[in-house]
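Here is the structure we will look at.
The figures here come from the full heavy-atom set of this structure, side chains too, leaving out hydrogens, waters and symmetry mates. In what follows, chains carry the letters A, B, and so on, assigned in the order in which the sequence lines appear, proteins first and then strands, with residues in each chain numbered from 1.
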Amino acid sequence: MAKNLVIVESPAKAKTIEGFLGSEFTVKSCYGHIRDLAKEHNGVDIENGFKPIYEVPDDKKQVVSELKKLAKSAETVWLASDEDREGEAISWHLAEVLNLDHSKTKRIVFHEITKPAILKAIANPRIINQDLVNAQQARRILDRIVGFELSPVLWKKVKPSLSAGRVQSVAVRLIVEREREITDFNADSSFRVVAVFHDKKENKHFKAELPKRFKTEAEANAFLEACRGAGFHVDKVETKPGKRTPAAPFTTSTLQQEASRKLGFSVAQTMAVAQKLYEAGHITYMRTDSVNLSELALEAAKEEIEKAYGKEFSKTRKYNTKTASAQEAHEAIRPTYFNKHSIAGDGSDKRLYDLIWKRAIASQMSDAALEKTVIHIAIDSAASTEKEFLASGEVIKFEGFLKVYLEGTDDENEDADDGLLPDVKAGDSLEMEQITATEKFTRAAPRYTEASLVKKLEELGIGRPSTYAPTISTIQKRGYVVKEDRVGRERKYQEIILSGNEISTSTLTENTGAEKSKLFPTDIGSLVNDFLIEHFDGIMDYSFTANVEKEFDEIAEGLKSWTSMLQKFYGPFHKTVDKTIDEADRVTGERELGVHPESGLPITVRMGRYGPFAQIAAKSEDDKPTYASLRAGQSMETLTLEEALDLFKMPRMIGEFEGTEMKVAIGRFGPYIQHQKAFYSIPKEDDPYQINQDRAIEVILAKRKADSEKLIKVFNEDQELQVLNGRWGPYLKKGKDNFKIPKTRHEDAAKITFEEALDMMEKSAAAPKGRRGKAKK
DNA sequence: CAGTGAGCGAGCTTCCGCTTGACTT
């Protein structure tokens with residue numbers, strides 16, 4: 001039995017640290033929190049001074065019992081959870097649950113997993129900081145109360161199974177408000193003027209822009225008229241030195257943003273790949289808010305940069321974390337070994353590692369030195385009110401960190417034209433080749449991507465590195481938000497060209513508003529958001545988290561009692577909850593769109609049990625209203641009368657096949673044909689409003705053919721049991737249930753006997769369900 | 001899985017932050 005038991009949060013960390021310490025130390029992991037608030041009474045005894053009711057969840061029982069056993073036989077137990085609020089609480093829970101004797105328990109902390117840091121920690125133990133623990137308890141209980149008192153209000157007033165919380169509800173608010181900004185946005189247009197000049201001396205063409213844009217086509221036209229036949233010369237050339245500085249090494253949030261921009265990863269994908277890299281020992285911990293690098297890392301980076309690129313490329317830099325909410329329990333995300341320029345693994349492993357390596361290396365490299373040049377070009381025309389065109393360019397004098405890495409941007413304007421400029425001098429005359437005035441439109445603020453939402457949340461101090469990805473998945477799972485592509489629409493714009501002595505005007509079209517993997521609010525998301533803002537504006541305030549964080553900090557410093565802080569919050573909050581349950585109306589979001597052009601009956605939209613729908617009012621008391629569900633991509637807020645009328649054009653009866661009627665309608669999964677009891681999806685290239693009898697029959701026959709190829713075998717012993725060909729190869733189906741067929745039998749699936757099938761069903765059913773099975777809807 | 005939208009009532013849902021897991025219908 002080891003004399004010393006060290007408990008850390010992560011198993012990968014445990015393995016590394018065990019290597020640093022001698023044989024007298026056993027290092028184990030507790031896998032994060034080992035206790036949480038119980039479900040009963042919301043886990044808090046509110047009348048009794050907010051006394052928390054803790055319990056060890058089922059999936060942590062085994063870890064706890066193992067740690068208990070090891071702790072019993074150890075002389076000293078070292079609690080080495082992270083040095084932040086959550087980490088301190090983990091240590092306290094361990095001390096409580098494992099029943100640790102104070103005299104043999106030591107609390108140690110370190111911010112980096114290096115041997116000197118660990119040894120220093122062991123040499124400087126302390127005791128558990130109860131104030132910090134209390135701050136965590138206040139945070140935990142506040143979140144539980146907010147979540148478990150607000151959500152039931154939504155079940156009563158909006159829809160069952162919905163949820164609300166300090167973090168998720170504000171995340172949804174950001175997306176709802178951004179969408180409304182975009183809906184309300186009116187694009188303004190102006191004319192941007194760009195000229196192409198020719199420098200005869202060097203025979204070079206280059207572009208220059210007029211600093212001013214014209215509001216109207218007439219003004220732009222007048223300017224081009226004034227330039228017709230005018231001369232142009234270089235008025236002056238300005239050059240000034242510039243520099244660029246590398247970005248700090250990655251935190252969780254910046255890694256998610258950059259992996260999204262450069263690799264197109266979702267935040268969940270980024271975290272899954274990073275976890276793999278971490279477990280394989282390639283990178284440091286991936287859930288961090290710190291930009292700090294260890295001394296050892298700084299040294300190693302310097303060595304690698306000097307070796308690979310030369311001394312002049314190295315510049316040791318220490319970065320300071322700007323995020324106010326940062327708790328900095330870990331290092332920044334960096335490669336464990338800087339001399340490993342790449343790793344083995346699949347494509348995404350390699351690409352993410354490459355990104356992390358480059359970002360960390362670049363952060364320790366010299367500035368890039370630039371020379372910025374602006375050429376002022378005078379217009380020699382008495383008729384022109386404008387004085388000059390400007391051509392700007394940038395020349396890299398010293399690459400520095402740009403040799404390996406340049407941070408991406410979220411900016412969608414890609415008009416920058418920083419080409420190479422000719423070596424001209426003041427007084428040189430230039431030949432004008434062409435001047436183009438193009439109509440440009442202002443743009444609304446961009447919709448959030450998963451990663452840009454994380455960035456915004458971090459700026460607001462809402463959420464933590466470990467919760468960004470789960471939060472984004474929660475708001476999508478609840479149906480508040482969808483991540484989607486949208487096709488754009490065509491827009492006309494004017495272009496006026498002066499070429500030689502000719503001026504021509506043309507109307508062109510561009511595609512605008514197309515989106516890829518952006519977050520859109522759903523109707524239910526908007527309704528819930530508006531309801532929460534109306535009744536719980538305090539919680540929905542963007543600074544609510546920042547405000548309570550200040551109080552948690554005071555608790556952590558021992559300046560404030562955690563129970564009185566909770567009391568002050570709970571009193572008014574709970575009163576509002578009760579009042580809302582008693583007084584607020586059910587939320588339907590009903591809106592009148594207008595009246596039916598023929599019957600004059602009112603048409604409305606509202607939220608129903610199964611989602612948003614449009615309704616034509618009943619003709620009389622005895623008659624029923626006509627209903628139609630909204631389609632994917634439509635929203636109650638923006639639906640027009642015309643779109644609603646279109647909805648009522650379905651279902652269409654389009655003729656007969658095999659003696660029965662065929663019906664065309666649009667369901668949850670898109671347009672379909674119903675024939676007898678069967679459903680047939682209508683292919684994308686067909687228009688469900690136009691599809692005719694002949695084409696529908698073709699679709700039905702094609703589906704039947706595919707289905708006949710899908711069926712591999714039916715068993716005589718049980719007609720309900722079938723072997724089918726699916727997306728992942730053959731599988732068994734009985735009634736509504738599916739069962740796995742072992743990979744070894746995929747080849748000869750048609751030869752599976754009834755007995756074998758029964759055996760496979762038993763084994764497949766016995767296997768523990770994966771994420772899909774466990775995930776509750 | 002493919003059109004539902006009445007009303008009643010039982011029994012269910014839900015938070016945020018630490019960690020990784022065994023899996024894919």
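- One atom, OH of Y285(A), and another, C1' of dT20(B), lie 9 Å apart when rounded to the nearest Å.
- Contact of R144(A) with dC16(B) (side chain to base): no donor-acceptor pair of N or O atoms is detected under 3.5 Å.
- Counting non-hydrogen atoms under 4.0 angstrom, P651(A) reaches nothing in the nucleic acid.
- Rounded to an integer number of Å, the gap from CZ of F536(A) to C1' of dC15(B) is 14 Å.
- Side-chain atoms of E9(A) lie closest to dC18(B) of the nucleotides dC18(B), dC15(B), dT13(B).
- Counting non-hydrogen atoms under 4.0 angstrom, R606(A) reaches nothing in the nucleic acid.
- Taking 4.0 angstrom as the limit, Q275(A) places a side-chain polar atom (N or O) nearer than this to OP1 or OP2 of dT20(B).
- Checking the phosphate oxygens (OP1, OP2) of dC16(B), a side-chain nitrogen or oxygen of Q168(A) falls inside 4.0 Å.
- Of the candidate nucleotides dG5(B), dC16(B), dT20(B), dG5(B) has the atom lying nearest to any side-chain atom of R609(A).
- At the heavy-atom level, E149(A) lies nowhere under 4.0 Å from the strands shown.
- Using a 4.0 Å cut-off between a side-chain N of Lys or Arg and a carboxylate O of Asp or Glu, K649(A) and D646(A) qualify as a salt bridge.
- Residue Y680(A) is classed as having no contact, given no heavy-atom separation below 4.0 Å to the nucleic acid.
- With hydrogens and angles ignored, no donor-acceptor pair closer than 3.5 Å exists between the side chain of R287(A) and the base of dC18(B).
- Nucleic acid contact class of G32(A) (heavy atoms, under 4.0 Å, all strands): base.
- The distance between the ring centers of H535(A) and F531(A) falls below 6.0 angstrom.
- Close to dT13(B), at under 4.0 Å from its OP1 or OP2, lies no side-chain N or O of R478(A).
- The side chain of W155(A) lies closest to dT14(B) when the candidates are dT14(B), dG21(B), dC18(B).
- Residue D59(A) is out of contact with every strand shown, counting any heavy-atom pair closer than 4.0 Å.
- Of the candidates dG5(B), dT14(B), dC18(B), dT14(B) carries the atom nearest the S163(A) side chain, counting heavy atoms from C-beta on.
- Comment: K61(A) does not engage E66(A) in a salt bridge, judged by the lack of any side-chain N to carboxylate O separation of less than 4.0 angstrom.
- Looking at heavy-atom distances under 4.0 Å, A164(A) makes contact with sugar-phosphate atoms alone, never a base.
- Using a 4.0 Å cut-off, no side-chain N or O of S151(A) falls inside it from OP1 or OP2 of dC15(B).
- As judged by a 4.0 angstrom heavy-atom cut-off over every strand, T474(A) is placed among residues touching the sugar-phosphate backbone only.
- Residue contacts shown for R464(A) are limited to sugar-phosphate atoms, with no base heavy atom under 4.0 Å away.
- Residues Y680(A) and Y672(A) place their aromatic rings such that the two centres sit no closer than 6.0 Å.
- Using a 4.0 Å heavy-atom cutoff across all strands shown, G611(A) reaches at least one base atom of the nucleic acid.
- With distances taken from any side-chain atom of F679(A) to the nucleotides dT13(B), dC18(B), dG3(B), the minimum falls on dG3(B).
- Contact annotation: Y672(A) side-chain N/O to dG3(B) OP1/OP2 distance is under 4.0 Å.
- Summarising the geometry of L566(A) relative to A138(A), their closest heavy-atom pair is CD2-O, 3.8 Å, with the distance given to 0.1 Å.
- No engagement by V146(A) is indicated, since no non-hydrogen atom pair under 4.0 Å with the nucleic acid exists.
- Residue-level contact check: S10(A) touches the backbone only, with heavy atoms under 4.0 Å from sugar-phosphate atoms and none from bases.
- Here R85(A) lies out of heavy-atom contact (under 4.0 Å) with every strand.
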